[in-house]
Amino acid sequence: MGVYEFEGRRPRIGEGTYISHSADVIGDVVIGRECFIGPGARIKGDYGSVRIGNKTNIQENCVVHARPGEICVIGDWVSIGHGAIVHNCTIRDYAVIGMGAIVSDYATVGTWAIVGEGCLVKSKQEVPDRKIAVGVPAKVIGDVTEEHVKLWTRYKEIYVSLARRYREKLREVNV
C-alpha cells in the first residue's frame with residue numbers, strides 16, 4: 001500500500017482498516033477503524049487535511065482531497081462509490097455517494113443522504129439528512145426510506161467484511 005508522510009504530515013490508520021496496495025494515502029489523513037480503501041483510491045492530505053470515520057468504504061479510483069489549510073470530513077459508515085471525487089466537503093454518517101459522483105468544495109451531504117451516480121453536488125450546496133439527490137447539478141428528488149436504509153446497511157456491512165477478508169486472504173500470484 002502507498003501510505004506516505006509528506007513534509008512531516010503523516011497518515012494515521014485505524015485498526016482493522018484495509019488499504020489496497022495500489023491506493024495512495026498521503027500526508028495529514030486520519031482513517032478510522034475497519035475501513036475499506038479500494039484499488040486506485042487517492043486520499044491526499046498534502047496541504048489540506050482529510051478525516052475519515054469508522055467502517056467507511058472508499059471504493060476503486062476515488063479521489064479525496066482538501067484545499068490548503070482546510071479539511072475534508074467523511075463520517076462513519078459512509079459509502080463512496082467507484083470513481084467518485086470528494087473535495088473539501090463534509091459527508092455525514094451513513095451517507096452514500098454514488099459511482100462517478102462529485103461532491104465539491106464546502107458542500108455538505110447529510111446523515112443517511114444518498115447522492116446518485118454521476119451527480120454533481122456543487123460548491124456550498126447541501127443535501128439534507130435522509131434525502132436523495134440526483135442530476136447535474138444535484139436536485140433533491142425524494143426521501144430515504146427504511147427500505148433504502150436496510151439495503152444500504154447490508155452493502156456497508158459487506159465492505160466492513162471485505163476489509164477484514166482482504167487483509168487476511170488477498171495474496172499476489174505470479175502468472
Side-chain angles (χ1 to χ4, degrees), residues 1 11-25 29-43 50-65 72-87 89-104 107-121 125-136 138-171:
M1 83 181 115
R12 291 176 284 163
I13 312 300
E15 184 178 336
T17 286
Y18 168 78
I19 300 173
S20 171
H21 73 282
S22 65
D24 291 326
V25 179
V29 174
V30 177
I31 301 174
R33 297 180 322 277
E34 299 180 86
C35 293
F36 178 92
I37 310 300
R42 303 290 182 258
I43 304 172
V50 175
R51 300 294 179 264
I52 299 171
N54 299 314
K55 299 184 178 185
T56 286
N57 62 83
I58 311 289
Q59 297 170 18
E60 292 73 19
N61 299 316
C62 291
V63 174
V64 180
H65 195 228
C72 182
V73 177
I74 300 170
D76 296 335
W77 287 98
V78 172
S79 290
I80 310 283
H82 313 289
I85 298 171
V86 174
H87 198 271
C89 58
T90 299
I91 300 176
R92 302 209 189 285
D93 297 344
Y94 301 99
V96 175
I97 308 301
M99 296 178 289
I102 298 171
V103 183
S104 196
T108 301
V109 176
T111 302
W112 266 119
I114 297 175
V115 172
E117 295 90 340
C119 186
L120 169 61
V121 180
Q125 187 174 7
E126 181 176 351
V127 178
D129 294 350
R130 298 184 70 98
K131 296 295 182 185
I132 300 170
V134 299
V136 177
K139 180 179 177 184
V140 172
I141 62 161
D143 296 320
V144 172
T145 66
E146 287 309 309
E147 191 61 34
H148 290 114
V149 169
K150 284 182 196 173
L151 180 66
W152 279 103
T153 297
R154 188 170 58 104
Y155 293 151
K156 292 166 187 289
E157 288 169 345
I158 288 170
Y159 274 97
V160 171
S161 171
L162 277 178
R164 177 186 45 78
R165 292 168 37 218
Y166 269 58
R167 282 189 335 276
E168 293 172 359
K169 298 178 181 177
L170 183 68
R171 302 288 178 259

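Sequential numbering from 1 along the given sequence is applied to the chain's residues.
A distance-only check finds a donor-acceptor pair linking the side chain of Gln125 to the backbone of Ala138 [under 3.5 Å]. In this structure, Thr17 contributes its side chain and Gly32 its backbone to a donor-acceptor pair below 3.5 Å. Between the side chain of Asn57 and the backbone N or O of Tyr159, no donor-acceptor pair lies under 3.5 Å. The closest donor-acceptor contact from the side chain of Thr90 to the backbone of Ile74 lies at 3.5 Å or more, if one exists at all. With hydrogens and angles ignored, the 3.5 Å screen pairs a side-chain donor or acceptor of Arg167 with a backbone N or O of Gly16. When atom types are taken as modelled, the side chain of Asp76 and the backbone of Asp93 share no donor-acceptor pair closer than 3.5 angstrom.
Here Thr145 contributes atom OG1 and Trp112 contributes atom CH2; the two are 10.0 Å apart, rounded to the nearest 0.5 Å. To the nearest 0.5 Å, the span separating SG on Cys62 from CD1 on Ile37 amounts to 9.0 Å. Note that CD1 of Ile91 is 9.5 Å distant from OG1 of Thr56, once rounded to the nearest 0.5 Å. Note that the CH2 atom of Trp152 and the OG atom of Ser79 stand 6.0 Å from one another [nearest 0.5 Å]. Here Ile85 contributes atom CD1 and Ile80 contributes atom CD1; the two are 12.0 Å apart, rounded to the nearest 0.5 Å. Taken from NE2 in His21 to CG in Asp24, the straight-line distance is 11.0 Å, to the nearest 0.5 Å.
Between Glu15 and Arg33 no salt bridge is recorded (no basic side-chain N to carboxylate O distance below 4.0 Å).
For residues 139-161, the set of pairs meeting the salt bridge (charged side-chain N to carboxylate O under 4.0 Å, His left out) definition, not counting sequence neighbours, comprises Arg130-Glu146, Lys131-Asp143.
Closest approach of Trp77 and Val160 over heavy atoms only: CZ3-CG2, 3.8 Å. In plain terms, the two heavy atoms of Gln59 and Gly81 that are nearest each other are OE1-CA, 3.4 Å. Smallest separation of non-hydrogen atoms from Gly53 and Cys35: O-SG, 3.0 Å. Smallest separation of non-hydrogen atoms from Ala163 and Glu34: CB-O, 4.2 Å. Closest of all the heavy-atom pairs between Ala95 and Gly110 is CB-O, 3.7 Å. Nearest heavy-atom pair, Val78 versus Gly75, reported as atom, atom and distance to 0.1 Å: CG2-O, 3.6 Å.
Residues Ile13 and Ile19 meet the side-chain proximity criterion, which asks for heavy atoms closer than 4.5 Å. For the pair Thr108/Cys89, no side-chain contact is recorded, criterion being any heavy-atom separation below 4.5 Å from C-beta on. Two residues are said to be in side-chain contact when any heavy atoms from C-beta on lie closer than 4.5 Å; Val86 and Val63 fail this criterion.
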Are Ile102 and Val121 close enough, and set up right, to give a side chain to side chain contact (heavy atoms under 4.5 Å, CB included), and what steps lead you there? CA-CA 6 Å; Ile102 298 171; Val121 180; over 6 Å; no
Can you list the steps and then say if Val50 with Val30 is a side chain to side chain contact (heavy atoms under 4.5 Å, CB included)? CA-CA 6 Å; Val50 175; Val30 177; over 6 Å; no
Verdict with reasoning, His87 to Val103, per side chain to side chain contact (heavy atoms under 4.5 Å, CB included): CA-CA 6 Å; His87 198 271; Val103 183; over 6 Å; no
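For Glu168, the CD atom sits in a packed shell: over 12 heavy atoms of surrounding residues, nucleotides or ligands are nearer than 6.0 Å.
Arg51 meets the side chain to side chain donor-acceptor pair (under 3.5 Å) test with Asp28; sequence neighbours excluded. When the side chain to side chain donor-acceptor pair (under 3.5 Å) test is applied to Arg165, the partners found at least two apart in sequence or on another chain are Ser161.
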